[in-house]
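Hydrogens, waters and symmetry mates play no part in the numbers below; they use all other heavy atoms, side chains included.
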Amino acid sequence: MNDTGDRAASTTRRNAYRRLLIELDEVLGEERDFIANAAVTCSIAFHGLPYLNWAGFYLCRQGELLLGPFQGRPAKIRIPFGNGACGKAALEKRTIVVEDVHRFPGLVSWDPGSTSEIVVPIIQGNKLVAVFELDSPVPSRFDEVDKQGLEALIEEFIRRTEPPGATVQCE
């Protein structure tokens, strides 16, 4: 694709993330519950973004991640900090973009159809409380546009959501 085509595609994808933010605002309304809002956020991302085969939250529990609300095929229930992209994002408290999950150290994948992924940490009150993961069957599906768009979506989720109970927090 040429430079003009790349810019047009990026603009279209940025607009998709803007639409997701508007939908999230409309659907959440006044709801503040973490689990309810996480479930809605998963559904909005899963159904609103192309080429996904999984979207979900992993909640922090005593130094590991525990599967939370998600859309897609069943997934690994517990992931230790540092393992796979989710564990790395939790440990480093930064967004991780993986172009090819099969070449990522410490692969934690349950769906052989997943090829790429992005994981965004969820930090509330300076504490890591969860991570949000999207998987795709398309290699190199996620890029800087997705990183910025998902970080904005999660920022809105955090702003609109009460932190989970103390039993969910890792720190």
May I ask you to test the Ile123-Lys93 pair for a side-chain heavy-atom distance under 4.5 Å?
yes

Is a donor from one side chain sitting under 3.5 angstrom from an acceptor on the other, for Ser116 and Asp100?
no

Please check: side-chain N/O of Ser136 versus main-chain N/O of Tyr51, any donor-acceptor pairing under 3.5 Å?
yes

How about Leu153 and Leu24: do any of their side-chain heavy atoms sit closer than 4.5 Å?
yes

Roughly how far, to the nearest 0.5 Å, is the OG1 atom of Thr161 from the CG atom of Leu28?
6.0 Å

Ser43: partners by side chain to side chain contact (heavy atoms under 4.5 Å, CB included), with sequence neighbours left out
His47, Gln71

Ile79 versus Gly87, closest heavy-atom pair with distance:
CG2-N, 4.2 Å

Shortest non-hydrogen contact from Pro69 toward Cys42
O-SG, 3.2 Å

Shortest non-hydrogen contact from Pro137 toward Thr115
O-OG1, 3.1 Å

Looking at Val119 and Ala89, what are the two nearest heavy atoms and their distance?
CG1-CB, 3.6 Å

Taking C-beta and beyond as the side chain, do Asn53 and Arg73 meet within less than 4.5 Å on heavy atoms?
no

Inter- and intrachain pairs under ring pair (Phe, Tyr, Trp, His ring centres under 6.0 Å), touching residues 139-165, at least two apart:
Phe34-Phe157, Phe57-Phe157

In this structure, CG of Asn83 is separated from CZ of Arg78 (nearest 0.5 Å) by 14.0 Å

Test side-chain contact (heavy atoms from CB on, under 4.5 Å) on Leu66 and Tyr58; report intermediate values, then the result.
CA-CA 5 Å; Leu66 178 67; Tyr58 276 93; 5.8 Å; no

Here the salt bridge (charged side-chain N to carboxylate O under 4.0 Å, His left out) pairs for residues 32-53, sequence neighbours left out, are Arg32-Glu162

Partner set under side chain to side chain contact (heavy atoms under 4.5 Å, CB included) for Glu144, not counting sequence neighbours:
Lys147, Gln148

Minimal non-hydrogen separation, Glu64 against Pro80, with atom names
CB-CA, 4.0 Å

Could you tell me whether Arg19 and Glu23 have a side-chain N and a carboxylate O separated by less than 4.0 Å?
no

State which residues pass ring-ring contact (aromatic ring centres under 6.0 Å, His included) with Phe70; sequence neighbours excluded, sorted by chain then number.
Trp54

Residues at least two apart in sequence or cross-chain that pass side chain to side chain contact (heavy atoms under 4.5 Å, CB included) with Ile158, listed by chain then number, are Ile122, Gln124, Ile154

Shortest non-hydrogen contact from Pro121 toward Leu128:
CB-CD1, 3.8 Å

Evaluate the side-chain contact (heavy atoms from CB on, under 4.5 Å) criterion for residues Val129 and Leu59: first the C-alpha distance (whole Å), next the side-chain angles of each, then the deciding distance (0.1 Å), finally the verdict.
CA-CA 6 Å; Val129 296; Leu59 310 175; over 6 Å; no

Output the distance between atom CZ (Arg159) and atom CD (Glu155), rounded to the nearest 0.5 Å.
9.0 Å

Going only through I, L, V, M, F, W and Y residues with side-chain contacts under 4.5 Å, is there a path from Val27 to Ile35?
yes

Qualifying residues under side chain to side chain contact (heavy atoms under 4.5 Å, CB included), relative to Leu91, sequence neighbours excluded
Phe81

I need the Glu99 CD to Phe104 CZ distance, nearest 0.5 Å.
11.5 Å

List the residues meeting side-chain hydrogen bond (donor to acceptor under 3.5 Å, both in side chains) with Glu26, not counting sequence neighbours, and say none if there are none.
none

Using side-chain heavy atoms (C-beta onward) and a distance below 4.5 Å, is Leu20 in contact with Leu49?
yes

Co-members of Ile22 in a cluster of I, L, V, M, F, W and Y side chains, linked at under 4.5 Å:
none

Rounded to the nearest 0.5 Å, how far apart are CZ of Phe132 and CG of Leu150?
6.5 Å

Not counting sequence neighbours, which residues clear side-chain hydrogen bond (donor to acceptor under 3.5 Å, both in side chains) with Asp146? List them please.
Arg13, Tyr17, Arg141

Could I get the full list of side-chain hydrogen bond (donor to acceptor under 3.5 Å, both in side chains) partners for Glu92, not counting sequence neighbours?
Arg94

In chain order, what residues pass the side-chain hydrogen bond (donor to acceptor under 3.5 Å, both in side chains) check against Thr41, with sequence neighbours excluded?
none

Any side-chain heavy atom of Glu117 sitting closer than 4.5 Å to one from Ile96?
no

CD of Glu133 to CG of Leu65: how many Å apart, nearest 0.5 Å?
10.0 Å

Would you find a donor on one side and an acceptor on the other, under 3.5 Å apart, between the side chain of Asn37 and the backbone of Glu31?
yes

